[in-house]
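Residues: numbered from 1 along the sequence shown. These figures come from a predicted structure and were not determined experimentally. The figures here come from the full heavy-atom set of this structure, side chains too, leaving out hydrogens, waters and symmetry mates.
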Amino acid sequence: MPDRTYDLVLFGASGFTGALTAEYLARAVGASGTAGQCRWALAGRDLAKLEAVRDRLAAIDSGLADLPLLVADAADPAGLREIVEDTRVVATTVGPYIVHGEPLVAACAAAGTDYLDLTGEPEFVDLMYVRYHERAKATGARIVHCCGFDSIPHDLGAYYTVGLLPDGVPIRVDGYVRAALRPSGGTVHSAVTAFSRARQTFRAAAARRRAEHGEGTSGRRSRLRSRPPHLARGLGWALPFPSIDPQVVIRSARALPRYGPDFTYGHHFATRRLTGAVGLAAGTAAAFVLAQPPPTRSWLLRRFPAGSGPTTDQRAANWFKVRFTGMGGGHRVVTEVAGGDPGYDETAKMFGESALCLAFDDLPETAGQVTTAVAMGDALIERLRSAGITFTTLAESKGVPDAE
């Protein structure tokens with residue numbers, strides 16, 4: 001799109017995660033970029049807050065003192081249209097996405113502009129598929145959701161694992177998530193909103209199933225498997241982890257023949273102690289119950305104000321590791337994706353590199369709503385490795401049964 005002013009616009013740059021992403025981009029590309037020039041801008045609804053973020057960026061790179069600032073509200077279709085028609089890629093951190101996200105997706109799908117977000121909200125992802133996937137395919141826009149800890153380590157980790165197994169055979173992969181993190185106000189608001197919309201989420205999933213019936217499978221089968229709490233080899237107790245991540249992995253498997261004729265994925269949260277497993281399950285159940293009545297939902301949201309988040313020192317103590325075991329064709333592999341603070345520092349890194357990958361890298365030709373593995377795959381893995389997130393092969397063996 002040589003006639004567009006910007007390569008990348010970061011929308012919601014004055015929020016907690018948005019500002020961290022802006023700082024990451026300032027260090028990664030600065031004022032001139034790494035490949036000639038990255039023409040980028042900050043966008044949001046409050047000019048004064050955007051100016052404050054730009055001042056922070058100028059302390060990193062003085063050339064960013066004149067970084068363009070674009071003012072638009074997430075609920076203003078005309079203002080959003082003006083921005084997306086003048087850029088190649090829009091990356092947005094403005095959530096909860098089910099409340100604030102649709103107008104920007106609609107504008108990008110209509111303008112042929114690539115779109116990325118950090119949502120972990122299944123309802124939003126499914127509704128955007130039903131409403132805008134075909135339009136985005138027609139205009140060439142790539143709509144890529146879940147470009148942070150939800151769900152890059154899991155999607156690309158499964159993709160990396162599958163690549164180590166024989167081609168053309170049934171494959172089974174299990175992912176085990178371990179992490180230490182503190183949530184921000186925005187993350188809590190998104191989670192509570194999703195918990196309070198269980199019925200709407202089920203309806204959106206049903207609508208998506210009707211809309212995508214048979215698409216991309218070519219006779220291949222990809223499915224999730226759920227196991228009760230169990231002891232995982234070397235990881236402690238493993239619980240089913242009902243996040244959006246396994247849905248993303250399965251969508252990648254349905255789109256990419258490399259996952260084999262029959263692909264199965266299981267997704268788990270691992271903890272060393274049984275008490276930790278019980279506490280996590282009880283806490284999640286309690287949050288779900290409290291999110292239903294409006295009074296208790298409001299009480300929960302007040303405890304975590306939007307725009308708040310963990311301090312630099314708190315984030316420095318956080319980490320994540322996602323272990324994968326893959327089986328297929330008599331081969332067994334164990335891999336791991338690992339990094340630092342998953343919710344914010346590493347999410348800003350994943351999000352920023354995803355945006356740069358879409359803007360500058362030589363990628364497969366795709367359009368419509370696609371996953372990170374489908375849209376960016378190997379190119380994004382290499383970017384993340386260069387940025388410090390590890391993709392490691394821990395063990396490989398041959399001549400083993402395909403079922404444990």
Side-chain angles (χ1 to χ4, degrees), residues 1-11 20-42 61 84 86-93 105 108-109 111-118 136-137 139-164 248-249 251-252 255-259 337 339 346-391:
M1 306 175 188
D3 57 331
R4 299 199 175 189
T5 302
Y6 304 109
D7 298 307
L8 166 63
V9 170
L10 177 61
F11 192 71
L20 290 176
T21 304
E23 291 178 12
Y24 180 80
L25 289 171
R27 294 184 175 93
V29 300
S32 60
T34 55
Q37 183 175 11
C38 177
R39 305 163 302 160
W40 63 297
L42 306 179
D61 184 331
V84 304
D86 207 24
T87 188
R88 299 169 56 223
V89 178
V90 171
T92 175
T93 66
V105 175
C108 287
T113 300
D114 292 338
Y115 165 99
L116 302 95
D117 66 29
L118 292 171
K137 284 177 65 177
T139 64
R142 293 170 288 191
I143 308 298
V144 191
H145 302 288
C146 311
C147 294
F149 187 61
D150 282 329
S151 299
I152 282 179
H154 318 98
D155 190 28
L156 292 187
Y159 172 88
Y160 173 79
T161 304
V162 166
L164 297 172
V248 174
V249 171
R251 285 165 190 154
S252 295
L256 297 172
R258 183 62 182 83
Y259 285 68
V337 182
E346 300 294 57
T347 280
K349 182 184 297 180
M350 296 175 205
F351 197 43
E353 292 295 346
S354 295
L356 295 172
C357 190
L358 279 186
F360 294 111
D361 292 355
D362 184 15
L363 300 174
E365 186 172 336
T366 56
Q369 189 187 104
V370 288
T371 66
T372 53
V374 172
M376 294 172 273
D378 295 321
L380 184 54
I381 289 176
E382 289 309 308
R383 279 186 167 273
L384 295 176
R385 276 177 155 165
S386 297
I389 294 176
T390 60
F391 287 74

What heavy-atom pair brings A367 and A136 nearest, and what distance separates the two atoms?
-> CB-O, 4.1 Å
To the nearest 0.5 angstrom, please state how far the SG atom of C357 sits from the CG atom of L363.
-> 4.5 Å
State which residues pass side chain to side chain donor-acceptor pair (under 3.5 Å) with Y24; sequence neighbours excluded, sorted by chain then number.
-> E353
Look up atom CG in L358 and atom CG in L380, then write down how far apart they are to the nearest 0.5 Å.
-> 8.5 Å
Residue pair R88, D7: steps toward the side chain to side chain contact (heavy atoms under 4.5 Å, CB included) verdict | CA-CA 5 Å; R88 299 169 56 223; D7 298 307; 2.9 Å; yes
CG/D3 to CG/D86 distance, rounded to the nearest 0.5 angstrom?
-> 8.5 Å
D117 side-chain N/O to C146 backbone N/O, donor-acceptor pair under 3.5 Å = yes
Looking only at heavy atoms, what is the nearest atom pair of L8 and A355, with distance?
-> CD1-CB, 3.7 Å
Taking all atoms of both residues into account, what is the closest heavy-atom pair of V144 and A375, and its distance?
-> CG2-CB, 4.2 Å
Locate the shortest heavy-atom distance separating L10 from F351; write the atom from each residue and the value.
-> CD1-CE2, 4.2 Å
Please examine the side chains of P364 and V374, heavy atoms only from C-beta on, and report whether any two atoms are closer than 4.5 Å.
-> no
For the side chain of R4 and the backbone of V84, is there at least one donor-acceptor N/O pair under 3.5 Å apart?
-> yes
Got a second to check how far R142's CZ is from D114's CG, nearest 0.5 Å?
-> 4.0 Å
R383 and D361 have their tightest heavy-atom pair at NE-OD2, 2.8 Å
Identify, with sequence neighbours excluded, every residue that meets side chain to side chain donor-acceptor pair (under 3.5 Å) alongside T21.
-> none
Write down the atom of R385, the atom of F391, and the distance for their closest heavy-atom approach.
-> NH2-O, 2.7 Å
For T139 and A111, indicate whether the former's side chain and the latter's backbone hold a donor-acceptor pair under 3.5 Å.
-> no
Close side-chain approach of L25 to W40, heavy-atom, < 4.5 Å | yes
Let me have the donor-acceptor pairs involving side chains of residues 149-159, under 3.5 Å, with sequence neighbours excluded, atom names and distances please.
unit_1	atom_1	unit_2	atom_2	d
S151	OG	D245	OD1	2.6
H154	ND1	F149	O	3.4
H154	ND1	D245	OD1	3.4
D155	OD1	S252	OG	2.7
D155	OD2	S252	OG	3.4
D155	OD2	T372	N	3.4
D155	OD2	T372	OG1	2.7
D155	OD2	A373	N	3.0
Y159	OH	D378	OD1	3.3
Y159	OH	D378	OD2	3.2

